[in-house]
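What follows is a single structure, written as structure tokens, with notes after it.
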Amino acid sequence: MTVKRKHKPKRALAGEIAEAIRLGQFRAGEWLRQIDLEEKFDATRFDVRAALDELVVRKAIEHVPNRGYRVAQLDRETLRHIRAVRVMIETATAPTIVAAIDPATLARLHDLAEQFAATVREGTRADQSRVNAEFHHVLYHLSGNPVLEELIWNLRDRGRGSNVTVWASHDSLLRSDSDHREMLEAIEARDAARLSGLIASHILKDAPEG
């Protein structure tokens, strides 16, 4: 019996696969079988292939001719370079964020910060990743530059191609929770310099040494 899969837009499906990589459901260097992805994400073979090609462009995964697709595996030097570029472009959004913030968006960010704190106390890693991503999506959307937003998320996804986890420990999760609250304090104070410094330390908090 032929299974009828759902059509999914390329970017939406690429986002779902990238999220699975962020959550550690696929390890750095792991081969991605298209038939498995069709089943896991209930998507057509054509859509899966298009999404994989999109992730290759983002460098979140690699295409090896005559072999297939695998999660990108980064060495520490490349990961450090990615973090350095992230610091440059994400901190550059700080002045625009404090200038563009409005009461409704600030309230939304406070709500997401509270949701994240709740997931740290009793949520799953999937819950933590989902709420954290939404917090940062809302934050960087204030840049008003969709190309910059796309670049930020492409780099964040690419940086998952390593053996360094999103949160290396529970203490790391607690630091992220504290960072979110301090970022909101800086935004409320219209302090772009402080916000920029907090964004930088937030990116580098679990950077491997050496």
Side-chain angles (χ1 to χ4, degrees), residues 8-28 40-41 51 54-55 57-61 71-72 74 79 82-83 85-87 89-91 93-94 96-97 100-101 104-162 164-170 172-184 187 195 198-207:
K8 292 189 176 182
K10 174 179 68 175
R11 289 197 173 188
L13 181 55
E16 289 183 41
I17 298 172
E19 176 69 4
I21 293 171
R22 279 195 291 272
L23 293 173
Q25 295 176 14
F26 301 106
R27 302 180 303 276
K40 181 177 180 65
F41 297 100
E54 171 72 13
L55 290 172
V57 172
R58 299 184 194 178
K59 296 191 175 180
I61 66 173
V71 179
L74 303 180
L79 186 58
I82 290 172
R83 288 181 186 271
V85 175
R86 283 188 56 199
V87 168
I89 65 172
E90 291 182 41
T91 57
T93 66
T96 307
I97 288 170
I101 193 67
T105 305
L106 183 60
R108 177 63 178 148
L109 286 168
H110 273 292
D111 179 59
L112 288 167
E114 290 300 324
Q115 288 184 43
F116 183 78
T119 68
V120 172
R121 291 191 299 269
E122 57 187 7
T124 65
R125 186 52 58 90
D127 294 331
Q128 293 155 2
S129 180
R130 174 183 54 78
V131 178
N132 182 66
E134 190 170 356
F135 177 91
H136 289 284
H137 270 298
V138 172
L139 187 71
Y140 291 128
H141 187 65
L142 290 167
S143 71
N145 186 329
V147 175
L148 179 59
E149 282 187 80
E150 183 177 23
L151 179 59
I152 287 171
W153 288 97
N154 286 355
L155 284 169
R156 288 170 71 103
D157 287 343
R158 187 182 177 195
R160 303 306 181 208
S162 72
V164 179
T165 59
V166 181
W167 294 286
S169 65
H170 186 69
S172 177
L173 274 168
L174 292 174
R175 286 198 301 273
S176 286
D177 179 23
S178 177
D179 286 351
H180 293 165
R181 297 175 190 276
E182 291 189 50
M183 288 177 189
L184 292 177
I187 292 170
L195 178 60
L198 288 166
I199 289 171
S201 63
H202 192 65
I203 293 168
L204 297 172
K205 68 180 184 302
D206 287 323

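- Between T119 and Q115, the closest side-chain pair of non-hydrogen atoms is not below 4.5 Å.
- Scanning all heavy atoms of the two residues, the minimum distance from I199 to Y140 falls at CG2-OH, 3.6 Å.
- F116 is listed as a side-chain neighbour of V120, based on a closest heavy-atom distance under 4.5 Å.
- Atom-to-atom distance recorded for Q128:CD and R125:CZ is 5.0 Å, nearest 0.5 angstrom.
- Between W153 and R58, every side-chain heavy-atom pair lies at or beyond the 4.5 Å cut-off.
- Side-chain atoms of V71 and R27, non-hydrogen and from C-beta on, never get closer than 4.5 Å to each other.
- R83 approaches I203 most closely through the heavy-atom pair NH1-O, 2.7 Å.
- Within the 3.5 Å criterion, the main-chain N or O of R156 finds no donor-acceptor partner in the side chain of R86.
- Distance alone, capped at 3.5 Å, places no donor-acceptor pair between the D111 side chain and the R108 backbone.
- The CG atom of L195 lies 9.0 Å from the CG atom of L184; values are rounded to the nearest 0.5 Å.
- Here CG of N154 is found 11.0 Å from NZ of K59. Values are rounded to the nearest 0.5 Å.
- For the pair H110 and H180, the minimum side-chain heavy-atom distance is 4.5 Å or more.
- Note that OG of S178 and CE of M183 are 10.0 Å apart. Values are rounded to the nearest 0.5 Å.
- Taking CG from L148 and CD1 from I89, the interatomic distance works out to 6.0 Å, rounded to the nearest 0.5 Å.
- Minimum interatomic distance between L55 and A18 (heavy atoms only, all atoms of both residues): CD2-CB, 4.1 Å.
- The heavy-atom pair separating A113 from D177 by the smallest distance is O-OD1, 4.2 Å.
- Checking K205 against S176 by side-chain atom types alone, a donor-acceptor pair falls below 3.5 Å.
- For the pair R175 and D179, the salt-bridge criterion is not met [side-chain N within less than 4.0 Å of a carboxylate O].
- Taking all atoms of both residues into account, the shortest heavy-atom contact from A14 to A51 is N-CB, 3.7 Å.
- The shortest side-chain heavy-atom distance between L109 and I101 falls under the 4.5 Å cut-off.
- Heavy atoms only, all atoms of each residue included: F41 and K8 are closest at O-NZ, 2.5 Å.
- Considering H202, E90, E149 as possible partners of H136, the one that fulfils the side chain to side chain donor-acceptor pair (under 3.5 Å) test is H202.
- Taking the side chain as every heavy atom from C-beta outward, I187 and L142 never approach each other to under 4.5 Å.
- The shortest distance between side-chain heavy atoms of T93 and I152 falls below 4.5 Å.
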